[in-house]
Amino acid sequence: MENCLIHHHHHTLLTLPSSSHKPHFRFFTRSDFGGVGGAFSVSSSCLLHHRRRPFIRASAGASPCEFSSLNSPLEPRSMVGKFLSGVLQNHPQMFHVAVGEELKLLAEDRDAAHARMVLGSVTDEALLHRRIAQLKENQCQIAVEDVMYLLIFYKFSEIRVPLVPKLSSCLYNGRLEILPSKDWELESIHSLEVLDMIREHVTTVTGLKAKSSVTECWATTKVRQFLLARVYVASILYGYFLKSVSLRYHLERNLSLADHDIHLGHRTSLMCSYGFKDAIFGHLSNMPSLGQGLIRPEEELEDLKCYVMSFHPGSLQRCARLRSKEAVNLVGSYSCALFNNKDSGSFENDDVILTSFSSLKRLVLEAVAFGSFLWETEDYIDNVYKLKED
């Protein structure tokens, strides 16, 4: 017999043997992971016996929607994603190690297929090798999108914020309520200057003022579900944009502290030492013009909001644009999973729902945090597995 133990701190479901023997760990090898689509096979002595989907629990009925931290609107599609979701559920302390190993294996698998395609390009099997490489690349892309999503999921778990489940599970007689609100946790990940802009965004899209009373927060309003979905996606992109532009802003402030007589080449080295990607600034094809236009004296720097308003349209577009195809696909698939009507199967659901301003704010703050985490996750993955530029 085995006893199930709920670990409340990590919100995980652990299975421990009923005997007094202490559990023991071992490190995974490449043969254990099996690569994309491979079978996962480990000895019975390993704690993680098999890949398992996250435990999902949501209640919808006479009471408002309540959900556990292991709820997730989007289910992994790849074997890699399903395996990592099991690690995240059962052994979160090993999650980042497993992610790093899987990303390396995915990169190796994709590069190996491409190398075979190049070597076989002069043979009679060139078409076959090209097709195999395309299939492998598509397979790896789906797996990386799963990894990207699970990393974002993990970041939400770190701040003790469960993702909102499928909205259909939170609707009762056409009314949507999301509890708990988790406003403080969702706002805590942002700096004060970014938070001010986020609060303005919340007011703009919901009509709820920053310092609203409890009565105003719990007042109800009607909204079409497809409009709510569009607001959610727009808020993801806004959170992504704020993360990108705030990093650029602080980098510029740091650079402005340097001696203005320093050679541009030294400034370029300073940029590289900060570890930021070229994507923050766009393609740096003209370094002299960048140095003249980007680096300004400290006294000329405004606050973040004024800084954003002074952006050239091209720079603004680069900061607001999702950098990778995988990120674009993830935002689309996640929003569809969250708002999709199971009965109609349509994302453009025209149903009118009744909800509180507090629930609207919860959705918008979650979406902004999702976008911010997406930027960080995209940057992390791209260092191990080269993502496709969108």
In Tyr232, Tyr238, Tyr240, the residue satisfying side chain to side chain contact (heavy atoms under 4.5 Å, CB included) with Ile236 is Tyr232

- Task: Give a yes or no on whether the backbone of Cys217 and the side-chain of Ser358 come within a donor-acceptor separation of less than 3.5 Å.
- Result: no

Taking every heavy atom of Pro165 against every heavy atom of Leu338, the minimum-distance pair comes out as O-CD1, 3.1 Å

**Study point:** Step-by-step salt bridge (Lys or Arg N to Asp or Glu O under 4.0 Å) determination, Lys82 to Glu75
**Key:** CA-CA 8 Å; Lys82 292 174 182 178; Glu75 293 187 4; over 6 Å; no

Rounding to 0.5 Å, atoms CG (Leu176) and CZ (Arg362) come to a distance of 11.0 Å

Any chance you could lay out the side chain to side chain contact (heavy atoms under 4.5 Å, CB included) test for Met148 and Leu387, step after step, and finish with the verdict? CA-CA 11 Å; Met148 188 177 289; Leu387 299 171; 4.1 Å; yes

- Query: Would you say the side-chain atoms of Thr377 pair up with the backbone N or O of Leu374, donor to acceptor, closer than 3.5 Å?
  - Reply: no

- Are the side chain of Thr203 and the backbone N or O of Leu208 linked by a donor-acceptor pair below 3.5 Å? yes

Heavy-atom closest pair (Pro73 atom, Lys166 atom, distance to 0.1 Å) is O-NZ, 3.5 Å

Smallest heavy-atom separation, Glu102 atom then Val80 atom, equals OE1-CG2, 3.3 Å

Report task. State whether Arg199 and Glu187 are salt-bridged, where the test is any N-O pair (Lys NZ or Arg NE/NH1/NH2 against Asp/Glu carboxylate O) under 4.0 Å. Result -> yes

(message) For Trp375, is there any backbone N or O sitting under 3.5 Å from a side-chain donor or acceptor partner on Arg323?
(response) yes

message: Any side-chain to backbone donor/acceptor pair from Glu378 onto Ser324? Under 3.5 Å, distance only.
response: yes

Would the number of heavy atoms belonging to other residues, nucleotides or ligands and lying under 6.0 Å from CG of Asp124 be above 12?
no

One should read off an interatomic distance between Leu354 CG and Thr221 OG1, to the nearest 0.5 angstrom, of 8.0 Å

Between Lys361 and Asp183, is a salt bridge (Lys or Arg N to Asp or Glu O under 4.0 Å) present by the stated rule, with each step listed?
CA-CA 8 Å; Lys361 182 180 179 181; Asp183 291 355; 3.7 Å; yes

Do Glu177 and Ser356 pass the side chain to side chain contact (heavy atoms under 4.5 Å, CB included) test, and can you show the C-alpha distance, the side-chain angles, and the key distance before you say yes or no? CA-CA 7 Å; Glu177 285 300 341; Ser356 66; 2.9 Å; yes

On a heavy-atom basis, the closest approach of Ser246 and Leu304 is CA-CD1, 4.2 Å

Rounding to 0.5 Å, atoms CD1 (Ile142) and CG (Leu330) come to a distance of 12.5 Å

TODO: Take the angle between the ring planes of Phe370 and Tyr149 and call it parallel below 30°, perpendicular above 60°, tilted in between.
DONE: tilted

For the pair Glu366 (side chain) and Val164 (backbone), establish whether a donor and an acceptor sit closer than 3.5 Å, ignoring hydrogens and angles.
-> yes

message: Using the rule given for salt bridge (Lys or Arg N to Asp or Glu O under 4.0 Å), can you reason through Lys155 versus Glu376, listing the C-alpha separation, both sets of side-chain angles and the distance that settles it, and then say yes or no?
response: CA-CA 10 Å; Lys155 286 181 175 292; Glu376 296 174 356; 3.1 Å; yes

- Query: Does Ser372 reach the main-chain N or O of Ala369 with its side chain, forming a donor-acceptor pair under 3.5 Å?
  - Reply: no

task = Mark yes or no for whether Lys388, through its side chain, and Gln141, through its backbone, hold a donor-acceptor pair below 3.5 Å.
result = no

Note to self: Quick one: does any side-chain atom of His312 pair with a main-chain N or O of Gly314 as donor and acceptor, under 3.5 Å?
What the structure shows: yes

Exercise. Less than 4.5 Å apart, any side-chain heavy atom of Leu151 and any of Phe373?
Worked result: no

Got a sec: does the CZ of Arg175 have more than 12 other heavy atoms crowding it under 6.0 Å?
yes

- Going through the checks in order, is the ring-ring contact (aromatic ring centres under 6.0 Å, His included) test met by Phe339 and Phe226? CA-CA 8 Å; Phe339 291 94; Phe226 80 91; over 10 Å; no

Exercise. Judged by atom type as modelled, is there a donor-acceptor pair below 3.5 Å linking the side chain of Arg116 to the main-chain atoms of Ala133?
Worked result: no

Value for CG (Leu242) from CG (Leu237), rounded to nearest 0.5 Å, stands at 11.0 Å

